[in-house]
Protein chains: 2
Amino acid sequence: MAPQVADPAAPHGLLNAKQQHLLDQLQEASEELTGQDLHARLRGTPHGMGLATVYRHLRHLQQRGLVRCRHLPSGEALFAPTERDEHHLTCVDCGSTVVLRSCPMHETHLNPQQLGGYQLLFHTLEFFGLCPGCQERQGSA
Amino acid sequence: MAPQVADPAAPHGLLNAKQQHLLDQLQEASEELTGQDLHARLRGTPHGMGLATVYRHLRHLQQRGLVRCRHLPSGEALFAPTERDEHHLTCVDCGSTVVLRSCPMHETHLNPQQLGGYQLLFHTLEFFGLCPGCQERQGSA
DNA sequence: TCCACGAATGAGTATCGTTCTCATAGGCAT
DNA sequence: ATGCCTATGAGAACGATACTCATTCGTGGA
């Protein structure tokens, strides 16, 4: 698998080795991962780390704007690298999800007054609706 | 406890009296409320209801597209009526929030292919960044 | 009017993802 | 080596939400 020696110079200057491994995992994964997922994936590898550390670093990555998270109705948080500008359309009934390959916001900008001095890091955009199956099921009920 | 007499004609045909009261509370409130907030606000009034019922109905309202929720980093869910098209800019560090009075998405539409047959109910849009205070604090640290 | 049955309700409990605690390990400069 | 600081992780604590299930309400039929 991956080299086991800590990167002497991580791509993101501010990240330590474990944070970098978490980010790598997220970037390699084709989909969003939960904290538990990440913990499980790294377990057994040379980069394994405790759950507390996983969550600690996910928070740091988020505060640096490298990782975004969204919450499922179940309460789980799904993490993804912000460089992947994908968003989701979720069924409020069954929870099924469609990935929107392109961000409808594109480069829609907030004006300075709206920003109020904030330094913008990333955004989350989620659409909710009824999937075809649930529409049908509700219609017949 | 007082028996709940169903409103003969609730504004939303599909809602029972308790669901309507929850929706009323959300619409009257100037800000988003948590499930616990709603439970506390209704306690003591003729419309009081158990926490389980609050969450049950909030889920129903969400499934009908009348209510939207977003999650704070703390894990709490904040509910607001979807008719109020307000979104937020939140500091990833201190959690302070700015309300965006106008939705930057306006009427940006998803094309039918993106929708994949889903019936769109509402969306959530959140921006994350660093507030002026945290920028300064991090800069000096 | 009375009865029966399904839906709604809520008090308490269970669940489970996330955060916290705190003792220990690892670096690093002295 | 010695002390100091940060990072780490095991386990417990926490807290919001979902579930259980006995009870109540509402409604329609007899």
Side-chain angles (χ1 to χ4, degrees), chain A residues 4-10 14-23 32-64 67-79 92-95 141, chain B residues 1-10 13-23 32-64 67-79 92-95 141:
Chain A
Q4 347 178 353
V5 183
D7 299 13
L14 300 164
L15 303 185
N16 69 23
K18 298 209 175 200
Q19 291 169 341
Q20 187 60 50
H21 289 137
L22 278 175
L23 188 54
E32 300 162 293
L33 299 175
T34 65
Q36 314 274 348
D37 287 340
L38 284 163
H39 176 247
R41 288 197 176 206
L42 292 173
R43 183 165 39 201
T45 78
H47 310 315
M49 62 187 92
L51 251 181
T53 305
V54 169
Y55 283 112
R56 239 189 313 250
H57 287 331
L58 284 173
R59 221 180 316 141
H60 289 164
L61 289 171
Q62 212 182 343
Q63 293 184 352
R64 299 220 161 81
V67 155
R68 140 187 38 227
C69 89
R70 68 183 182 112
H71 287 81
L72 295 178
S74 67
E76 292 175 300
L78 294 175
F79 295 86
V92 294
D93 198 348
C94 69
Chain B
M1 57 209 83
Q4 297 299 324
V5 182
D7 288 17
L14 300 164
L15 302 185
N16 69 23
K18 298 209 173 196
Q19 291 168 340
Q20 187 61 50
H21 289 136
L22 279 175
L23 189 53
E32 300 162 294
L33 300 175
T34 66
Q36 314 273 349
D37 286 340
L38 284 163
H39 177 247
R41 286 197 176 206
L42 292 172
R43 185 166 37 202
T45 78
H47 311 315
M49 62 188 90
L51 249 182
T53 305
V54 169
Y55 283 112
R56 241 191 313 251
H57 288 332
L58 283 174
R59 222 181 315 145
H60 290 164
L61 290 171
Q62 212 181 341
Q63 293 183 351
R64 296 216 162 77
V67 156
R68 140 187 40 229
C69 88
R70 70 182 180 111
H71 286 82
L72 296 177
S74 68
E76 291 175 300
L78 294 175
F79 295 86
V92 293
D93 197 349
C94 71

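Note on naming: letters A, B, ... go to the chains in the order of the sequence lines (proteins, then strands), and numbering restarts at 1 for each one.
- Taking atom CG of A:Asp37 as the reference point, atom C1' of C:dG17 lies 12 Å away to the nearest angstrom.
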Begin with the C-alpha distance, continue with both residues' side-chain angles, and end with the deciding distance and a verdict on side-chain contact (heavy atoms from CB on, under 4.5 Å) for B:Leu22 and B:Leu42. CA-CA 8 Å; B:Leu22 279 175; B:Leu42 292 172; 3.7 Å; yes

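- To the nearest angstrom, P of C:dA8 lies 16 Å from CD of B:Gln20.
- Across B:Leu15 and B:Gln19, no two heavy atoms sit closer than the pair CA-OE1, 3.3 Å.
- If you measure from atom CZ of B:Arg43 to atom P of C:dT9, you get 18 Å, rounded to the nearest angstrom.
- Within the nucleic acid shown, B:His60 has no heavy atom closer than 4.0 Å to any nucleic acid atom.
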B:Thr34/B:Leu72 under side-chain contact (heavy atoms from CB on, under 4.5 Å): CA gap, chis, key distance, verdict: CA-CA 10 Å; B:Thr34 66; B:Leu72 296 177; 5.9 Å; no

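- Taking each heavy atom of A:Gln62 and B:Val92 in turn, the nearest pair found is O-CG1, 4.0 Å.
- At whole-Å resolution of the value, CG in A:Leu42 and P in D:dT8 are 13 Å apart.
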5' to 3', nucleotides 10-20 of chain D under a 4.0 Å protein heavy-atom cut-off (B base, S sugar-phosphate only, - none) gives B-----SBSB-

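- What separates NE2 of A:His57 from C1' of D:dG9 is a distance of 11 Å, to the nearest Å.
- Rounded to whole Å, the distance from CG on A:Leu58 to P on D:dA7 is 16 Å.
- Closest non-hydrogen pair, B:Gly48 versus B:Lys18, comes out as O-NZ, 3.8 Å.
- When the salt bridge (Lys or Arg N to Asp or Glu O under 4.0 Å) test is applied to B:Arg70, the partners found at least two apart in sequence or on another chain are B:Glu32, B:Glu126.
- Contact annotation: B:Lys18 side-chain N/O to D:dC25 OP1/OP2 distance is not under 4.0 Å.
- We find that CG of A:Leu33 is positioned 12 Å from P of C:dT18, with the value rounded to whole Å.
- Residue A:Thr53 places no side-chain N or O under 4.0 Å from the OP1 or OP2 atom of D:dT8.
- Rounded to an integer number of Å, the gap from CG of B:Leu15 to P of C:dA8 is 12 Å.
- Among B:His57, B:His39, B:His47, the one residue that satisfies the ring pair (Phe, Tyr, Trp, His ring centres under 6.0 Å) test with B:His21 is B:His47.
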